[in-house]
Amino acid sequence: MAPSQLVQLYRELQQVFTSGNLQQTGVLLTRLKIALTEAGLLVPLGNPEAQDLVIARDILEVGAFWSIRTKDIPSFDRYFSQLQTFYNDYSSVLPPSPREYPLRGLNLIRLLTQNRIADFHTTLESLPLRADALTGNPYIAHPINLEQWLMEGSYSKVWNAREEAPAEEYKFFVDSLMGTIRNEIASCEEAAYDSLPLKDAATLLFFKNQSEVIAFAQERGWQVDLTAGKIIFAKKTEEKIEIPKEKLILADLHYARELEQIV
C-alpha cells in the first residue's frame with residue numbers, strides 16, 4: 001500500500017471512530033495494521049520519520065480504545081503491548097499523546113480486574129512520572145484509589161467510583177471489578193446465612209433492582225422465594241468421614257496384648 005493510501009485510510013479511521021461506528025472501525029483497523037506491517041511501522045525498525053510514527057501510534061491507540069468499547073480484552077492487551085514501543089522507545093522524538101495516560105490507566109485497572117496486584121505495582125513504578133505526579137494525574141489516580149479501596153474492603157467506594165471515572169471506557173473495567181466483588185460477597189453470604197431478604201441481598205451486592213438480584217441468584221444456584229421475599233442459600237453438603245471404631249478398638253487391644261507379652 002502506498003504511503004498516500006495509508007494516510008487516507010488513517011483519516012477515514014479517525015472519522016469513523018469519532019462517529020461511533022465500531023463495526024467499520026474494526027474493518028479499517030484490520031486493513032491499517034496490514035499497511036503498517038508492510039511499511040515497517042507496526043514494529044518500527046531503523047529510524048522512521050517522526051510523522052509516520054505518530055500516525056502508527058494514533059492508529060494503535062484507536063485500536064486500544066475500540067477494543068474496550070467492543071469488550072475485547074485480549075485485543076486491548078495486544079494493542080497496548082504494541083504501543084509500549086512508541087511510549088517508551090520513541091518518547092524522546094515524538095510529541096506527547098493525549099491518549100497515552102488514559103490508556104496507561106486503563107491497563108492498570110485491567111490488572112486489578114485480573115487480581116494481578118504484583119503486576120499492578122510493578123507497572124505503576126515503571127511509569128515515567130514522579131511519585132508526587134501520580135496522584136495528580138486523574139487517569140492514574142483513579143486506579144490507585146481503586147486498588148487501595150479493594151485492599152481496604154471499601155467496596156462501596158469502588159461502586160461509587162464508576163460515576164467518577166475520568167473516561168467512559170474506565171466504567172467497563174469498574175463493572176468487571178464489581179462482578180468479582182459480588183462473587184466474593186456472595187461466597188461470604190452463603191457461609192454466614194441460611195437466607196436473606198431480597199432487599200438486603202440487593203443492598204449487600206450493590207444491585208439497583210430486584211430483577212438483577214434474582215438473575216444473580218439463579219447464576220449462583222440460590223433459591224428465590226418471591227412470596228416470602230427472600231433468598232435461600234444452597235448449602236454445600238459436608239463430607240462425612242466414618243471412623244472405623246471397632247477396627248481401632250481391636251487393633252488397640254491387639255497392640256496392648258503384644259506389649260504385655262514383651263514385658
Side-chain angles (χ1 to χ4, degrees), residues 29 33 36-37 40-48 50-154 157-158 161-162 164-181:
L29 281 169
K33 281 191 291 185
L36 290 176
T37 301
L41 292 171
L42 191 64
V43 181
L45 300 172
N47 296 303
Q51 184 178 355
D52 294 337
L53 289 173
V54 168
I55 290 175
R57 184 184 65 184
D58 285 354
I59 292 169
L60 294 175
E61 287 176 336
V62 168
F65 278 112
W66 170 82
S67 300
I68 299 298
R69 295 182 186 182
T70 56
K71 302 181 179 180
D72 188 343
I73 305 307
S75 174
F76 172 80
D77 290 345
R78 290 191 294 271
Y79 277 112
F80 188 78
S81 177
Q82 291 167 332
L83 281 166
Q84 296 312 294
T85 300
F86 298 87
Y87 291 157
N88 300 327
D89 300 343
Y90 290 96
S91 59
S92 60
V93 297
L94 295 180
S97 168
R99 295 192 182 111
E100 177 178 351
Y101 279 94
L103 286 171
R104 286 189 182 274
L106 283 168
N107 180 58
L108 285 170
I109 300 182
R110 176 189 65 87
L111 294 174
L112 287 181
T113 62
Q114 297 173 347
N115 200 31
R116 294 166 59 184
I117 305 302
D119 290 338
F120 173 89
H121 287 286
T122 301
T123 303
L124 191 61
E125 291 168 4
S126 68
L127 293 178
L129 283 175
R130 299 189 314 272
D132 58 341
L134 290 175
T135 54
N137 185 310
Y139 301 105
I140 305 303
H142 192 69
I144 289 176
N145 289 334
L146 285 174
E147 192 269 344
Q148 181 179 344
W149 295 331
L150 284 171
M151 295 302 101
E152 294 173 354
S154 302
K157 291 182 179 179
V158 177
R162 188 183 190 282
E164 301 167 1
E168 190 67 25
E169 288 80 9
Y170 280 59
K171 295 181 180 180
F172 168 73
F173 282 123
V174 174
D175 288 343
S176 180
L177 267 179
M178 287 308 302
T180 302
I181 288 170

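By the side-chain contact (heavy atoms from CB on, under 4.5 Å) test, Asp58 pairs with Tyr10, Val54, Glu61, Arg99, sequence neighbours left out. Among residues two or more places apart in sequence or in another chain, the side-chain contact (heavy atoms from CB on, under 4.5 Å) test is passed with Ile117 by Leu112, Asn115, His121, Glu147, Met151.
Counting all heavy atoms, side chain and backbone alike, Ala50 lies closest to Leu94 at O-CD2, 3.6 Å. Contact record, Gly63 with Ser67: O-OG, 2.8 Å, taken as the closest heavy-atom pair. The minimum heavy-atom distance between Arg162 and Val174, with the atom names listed, is CB-CG1, 3.8 Å. The heavy-atom pair separating Pro143 from Tyr170 by the smallest distance is CD-CE2, 4.4 Å. Residue Ala165 comes nearest to His142 through the heavy atom pair CA-CE1, 3.8 Å, listed as atom of the first residue, atom of the second, then distance. When every heavy atom of Arg57 is checked against every heavy atom of Pro95, the shortest pair comes out as NH1-O, 2.8 Å.
Interatomic distance, CZ of Phe76 versus CZ of Phe65, reported as 8.0 Å (0.5 Å rounding). One distance of note links OG1 of Thr123 with CG of Leu111; it measures 5.0 Å at 0.5 Å rounding. The line from CD1 of Ile109 to CD1 of Ile144 is 11.0 Å long, rounded to the nearest 0.5 Å. To the nearest 0.5 angstrom, Arg104 atom CZ is 11.0 Å from Leu124 atom CG. Taking CG of Leu150 as the reference point, atom CG of Leu177 lies at 5.5 Å (rounded to 0.5 Å). The distance from atom OG of Ser75 to atom CD1 of Ile73, rounded to the nearest 0.5 Å, is 9.0 Å.
A 4.5 Å side-chain heavy-atom check between Thr135 and Asn145 finds every atom pair outside the cut-off. Taking 4.5 Å as the limit, every side-chain heavy atom of Tyr139 sits out of range of all side-chain heavy atoms of Leu103. At a threshold of 4.5 Å between non-hydrogen side-chain atoms, the residues Pro44 and Phe86 count as touching. For the pair Gln82/Val43, no side-chain contact is recorded, criterion being any heavy-atom separation below 4.5 Å from C-beta on. A 4.5 Å side-chain heavy-atom check between Leu146 and Phe173 finds every atom pair outside the cut-off. Leu29 places a side-chain heavy atom less than 4.5 Å from the side chain of Tyr79. Arg69 places none of its side-chain heavy atoms less than 4.5 Å from the side chain of Phe172.
The salt bridge (Lys or Arg N to Asp or Glu O under 4.0 Å) analysis of residues 71-87, with sequence neighbours excluded, yields the pairs Asp77-Arg110.
Within 6.0 Å of CD in Gln84 there are more than 12 heavy atoms belonging to other residues, nucleotides or ligands. Taking a 6.0 Å sphere around CD of Glu152, one finds it holds more than 12 heavy atoms contributed by other residues, nucleotides or ligands.
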